[in-house]
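Per chain, numbering begins at 1; letters A, B, ... match sequence-line order.
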Protein chains: 2
Amino acid sequence: MARVRKTVTIRDVAEDAGVSLQTVSRVVNGGPNVRPQLRDKVQAAIDRLGYVPSLAAQRMSGSRSYIILAINDRERTLADWRERRGTDWVDQMLLGGILTCSQHGYRMMVELVDTHSDHVERELGAALSALQPDGVILTPPHSENRLITDLLAERRIPFARIGSNAPGPGIPMTMGDEGAAHLATTRLAELGHRRIAMIAGPSAYSLSGWRIEGWRRALAEAGLPHEGLLEVGDFGYESGTRAARTLLDRNPDVTAIIASSDQMALAALEVARDRGLSVPHDLSLISFDNTPIVRFSQPPLTAIDQPIAETVSRAVEQLIARAPDGDDDAVIEVAAGLVERSSTGPAPATLSGRA
Amino acid sequence: MARVRKTVTIRDVAEDAGVSLQTVSRVVNGGPNVRPQLRDKVQAAIDRLGYVPSLAAQRMSGSRSYIILAINDRERTLADWRERRGTDWVDQMLLGGILTCSQHGYRMMVELVDTHSDHVERELGAALSALQPDGVILTPPHSENRLITDLLAERRIPFARIGSNAPGPGIPMTMGDEGAAHLATTRLAELGHRRIAMIAGPSAYSLSGWRIEGWRRALAEAGLPHEGLLEVGDFGYESGTRAARTLLDRNPDVTAIIASSDQMALAALEVARDRGLSVPHDLSLISFDNTPIVRFSQPPLTAIDQPIAETVSRAVEQLIARAPDGDDDAVIEVAAGLVERSSTGPAPATLSGRA
DNA sequence: ACAAGTCTTGAGAACGCTCTCAAGATCGGT
DNA sequence: ACCGATCTTGAGAGCGTTCTCAAGACTTGT
């Protein structure tokens, strides 16, 4: 079974099967109106020769590029890499993206783009021109960057905005941040906690706002206060340390904290340990993200599992199905789940008198 | 600054600058023999119009595809994803790959391929035909899969074999596994440990063998025995648990273990905890990989840091520079480092009498 | 100032595919 | 059986780039 050196083209197949190029093309692309008998004959030739259409040529001839481009924040991704924090977003995006793309004969590419830079347009524009992707997936904080969404809309490239439900062009896809925060808060309230604090993410990420909203709503429903129980971090470990300290300094009666990232939650865990607070005996902790690191801490953390892979997968499907000018109305939501581990427990009885 | 709807082509630039297509092409590709004055004029037109050459068209016209394909093991990657273990390989590959590729105007794509499947050739062949990459990066265990390396060699596609120094086609690149294991073992010997065990990886990965060799060499140099101190796992947590138990059951005098993955090391940590052994007081632990999870365990693990990103980066550079029939002789090695945390310490004094 | 080079520029084909359009084959209704 | 409609197939152009090759402009040495 010697293999050809030269690439097998559609022409070789046509010749082998004794039909025209066009017919082969129809068979390859599952086009209509080909007699079954002929279709089989052509398919046999394709299999025999091991023909696979060239992506570049397909793109050239004005059809699709079969490429979905995923845009991630360069600054954050690089920082995560540099400090060997692990990039759960990229990881999960790839999981959902690659698998779903390959099911449809598409490919996924990852591009790092600076949101804050003033040449976003040039940078992203160059990538779009070079790749001419059939769809683009925007991750936070790009999802609500007007410069980016406008550029994409103008070029008529279908795109999904992950972690955004704001109006505007593109398909908005949320991961139920409001609901997830509500879920976590309610769970803590059920466990008897009365003073439930939150360490939120930066306001540049609109998901930060929703998480705060979900937390407040749950507190209100349980008749609990939220005043003074909110601190803001930047998702990083150090900011988590600062926020946890401030929170516990100001509110010694806090018995539960929800942190908007795993890193910040682990930082809070460390702060608690320093102060002789036992988790979950004295303090319950819930984090957002559920990256691999929270499974091996002492204790392992209860966490909100963000369905990134599932969301990206849905996004890919939407993009592949959608015509450039499809209706971009419906917000698509994939709900997050709560993974209970050992960092949550009943509110300490001793504190009920203290509070 | 209204943007064109239609794609800017080389023709538009040529027209704008009043030159031929060929001249624009030369300017874009930094070709020789263009008068500086003309070059500037064309460049100005390119900037003004925001022209970026289409990857697809470039590929079509017989030049390079500007794509480097990274091949990862599907089975392992999917398992890591499914169990939310984090895929450090993919992560680090992307770090080194994307950055270095973009510096040279290239793109990186990740493809998952089953090593064990009998249709590897068809699967990989299809990807190669569709993408026509300028280079391929093979990660373990593909790096030494004859089916794959032969296919690549036959198609004359330059490729790098990461984690392999076996002879054969392709550029072999090792991450100094022998040296790293030697380093870790020697360090433990210096700390006074006399019974240093190893939990190795599966033999399908040739790096497993080198690590064992490095460990044996260091032991021999220190005049220490290795008999009965070797267990084999599959890199996963459960296999680590089994291996650690067997090891400690058979050799109660073992005071140090080197595990060939972070997961297996964390499993050993758990086994030690179950048996009332304090780490590092009673047992020292060193793991391979240094993924993010080992920083938050109790105690954080001392680990060998595998320079995956750096290695892939070097590989990309080699591939871009190399002609299809370059000399594939020299093995390129990027040395690993030891990151000391709190899972290693002096050998317990009490045991010196016991051993 | 002239021949023999070297530089600079352009014209046209080629890459592999899909699109549009037209021609021939087949079908259904009367 | 006949006519119009529908199916099936093929021919040829075009996508945006780079390649090859040739022509013109400029050097240089004598």
Side-chain angles (χ1 to χ4, degrees), chain A residues 4-43 45-46 49-67 105 126 128-134, chain B residues 4-43 45-46 49-67 105 126 128-134:
Chain A
V4 284
R5 170 116 312 145
K6 200 186 158 302
T7 317
V8 178
T9 77
I10 198 173
R11 187 162 281 113
D12 300 321
V13 177
E15 204 166 313
D16 186 284
V19 299
S20 73
L21 305 188
Q22 184 46 38
T23 300
V24 179
S25 177
R26 272 190 276 257
V27 171
V28 170
N29 298 297
N33 305 339
V34 180
R35 239 181 340 165
Q37 186 189 348
L38 227 203
R39 183 182 294 275
D40 292 347
K41 188 170 155 197
V42 172
Q43 187 61 54
I46 290 175
L49 270 46
Y51 167 70
V52 176
S54 150
L55 259 198
Q58 287 188 124
R59 164 64 252 184
M60 272 302 296
S61 67
S63 89
R64 286 172 289 192
S65 67
Y66 295 101
I67 287 178
L128 295 179
S129 298
L131 258 24
Q132 288 164 267
D134 291 338
Chain B
V4 284
R5 170 116 313 145
K6 201 187 157 302
T7 316
V8 178
T9 76
I10 198 173
R11 186 161 283 113
D12 300 320
V13 177
E15 202 167 314
D16 186 285
V19 300
S20 72
L21 304 189
Q22 185 47 38
T23 300
V24 179
S25 179
R26 274 191 275 256
V27 172
V28 170
N29 298 297
N33 305 339
V34 180
R35 240 183 341 169
Q37 186 189 348
L38 227 204
R39 182 182 294 275
D40 292 347
K41 188 170 155 197
V42 172
Q43 188 60 54
I46 289 175
L49 269 48
Y51 166 71
V52 176
S54 150
L55 259 199
Q58 287 188 123
R59 165 65 252 186
M60 271 301 296
S61 67
S63 90
R64 286 171 288 193
S65 67
Y66 295 102
I67 287 178
L128 295 179
S129 298
L131 258 25
Q132 290 165 271
D134 292 337

Under 4.0 angstrom between B:S54 side-chain N/O and D:dT17 OP1 or OP2
no

Comparing nearest nucleotides in DNA chain C, the 5'-proximal residue of the pair A:A57, B:R39 is B:R39

Hey, are the side chains of B:P133 and B:L128 touching, using non-hydrogen atoms and a 4.5 Å cut-off?
yes

Rounded to whole Å, CG of A:L131 lies from P of D:dG16 at a distance of 16 Å

For atom CZ of B:R64 and atom P of D:dT17, their distance in whole Å
16 Å

Atom pair distance, as rounded to whole Å: CD in A:Q132 and C1' in D:dC15:
10 Å

When the side chains of residues 12-24 of chain A are checked against the rest of the protein, which donor-acceptor pairs come out under 3.5 Å, sequence neighbours left out?
| residue | atom | partner | partner atom | Å |
| --- | --- | --- | --- | --- |
| A:D12 | OD2 | A:T9 | N | 2.8 |
| A:D16 | OD1 | A:R48 | NH1 | 2.6 |
| A:D16 | OD2 | A:R48 | NH1 | 3.2 |
| A:S20 | OG | A:Q22 | N | 3.4 |
| A:S20 | OG | A:T23 | N | 3.3 |
| A:S20 | OG | A:T23 | OG1 | 3.2 |

Walk along nucleotides 22-28 of chain C from 5' to 3' and tag each nucleotide B, S or - by protein heavy-atom contact under 4.0 Å, base first, then sugar-phosphate.
-------

Reported CD-to-CG distance for the pair A:Q43 and A:D40, which is rounded to 0.5 angstrom
8.0 Å

Please work out if B:R26 contacts a base, only the sugar-phosphate, or nothing of the nucleic acid, heavy-atom cut-off 4.0 Å.
base

Using modelled atom types and a 3.5 Å cut-off, is there a donor and acceptor pairing between side-chain atoms of A:D134 and backbone atoms of A:Y66?
yes

Between A:Q132 and A:R59, is the side-chain contact (heavy atoms from CB on, under 4.5 Å) condition met? List the steps.
CA-CA 8 Å; A:Q132 288 164 267; A:R59 164 64 252 184; 3.6 Å; yes

Rounded to whole angstroms, how far apart are CD on A:Q58 and P on D:dC15?
18 Å

When you get a sec, tell me which of D:dT8, C:dT9, D:dT17 is the closest nucleotide to the side chain of B:V34?
C:dT9

Starting at atom CE of A:M60, determine the distance to atom P of D:dT17, rounded to an integer number of angstrom.
8 Å

Shortest non-hydrogen pair, A:Y51 vs A:V28, comes out as CE2-CG2, 3.8 Å

Which residues, if any, of residues 10-24 of chain A bring a heavy atom under 4.0 Å of DNA chain C?
A:I10, A:Q22

To the nearest angstrom, how far is A:N33 atom CG from C:dC21 atom P?
17 Å

Under 3.5 Å, is there a donor-acceptor pair between the side chain of A:S129 and the main chain of B:V52?
no

Taking only N and O in the side chain of B:S61, is any of them less than 4.0 Å away from OP1 or OP2 of D:dC19?
no

Could you tell me the separation between the NZ atom of B:K41 and the C1' atom of C:dT9, rounded to a whole number of Å?
12 Å

Find the distance B:Y66:OH to D:dT18:P and express it as a whole number of Å.
7 Å

Looking at CE of A:M60 and CG of B:L55, how far apart are the two atoms once the value is rounded to the nearest 0.5 Å?
12.0 Å

Say you draw a straight line from OG of B:S65 to CD of B:Q58; how long is it, rounded to the nearest 0.5 Å?
10.0 Å

